[in-house]
Amino acid sequence: MPRYFSGLITMDDTTKLYTFLGAAVLLIAPSIWKMWVNSYKLRAIPTVGTPGYIGALQFFSRAPALLQEGYEKSLHHTLLDPAGN
C-alpha cells in the first residue's frame with residue numbers, strides 16, 4: 001500500500017463501522033418502539049391530582065372531589081362507548 005494511503009480509513013474499517021451501527025439500531029429500535037407505544041397508551045388514561053406523596057396526601061384530604069374530577073375527565077374521553085351514547 002502506498003504511503004499516502006496509510007492515514008485513511010480503509011474500506012474494511014468503514015464496513016465494520018456501518019455493520020456495527022446497523023446491528024445496534026436493529027437491536028435497540030424495537031425496545032424504543034415498545035417504550036413509546038406503552039407511554040402513548042398511558043398518556044391516554046385521564047389522571048387527576050399530583051404524583052407522589054403529595055398526591056397521596058391530597059387524596060386522603062379530598063378524595064371525593066378528585067374522584068369526581070376523574071369521572072368527568074373519563075366522560076370526555078368516552079372510554080366505554082366511542083359512539084357517545
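Distance check: Arg62 CZ to Glu69 CD gives 6.5 Å after rounding to the nearest 0.5 Å.
Leu66 approaches Phe59 most closely through the heavy-atom pair CD1-CA, 3.7 Å.
In this structure, Leu67 is a member of the same hydrophobic cluster as Val48, with clusters built from ILVMFWY side-chain heavy atoms closer than 4.5 Å.
Annotation: side chain of Leu21 is not in contact with side chain of Val25 (no heavy-atom distance under 4.5 Å).
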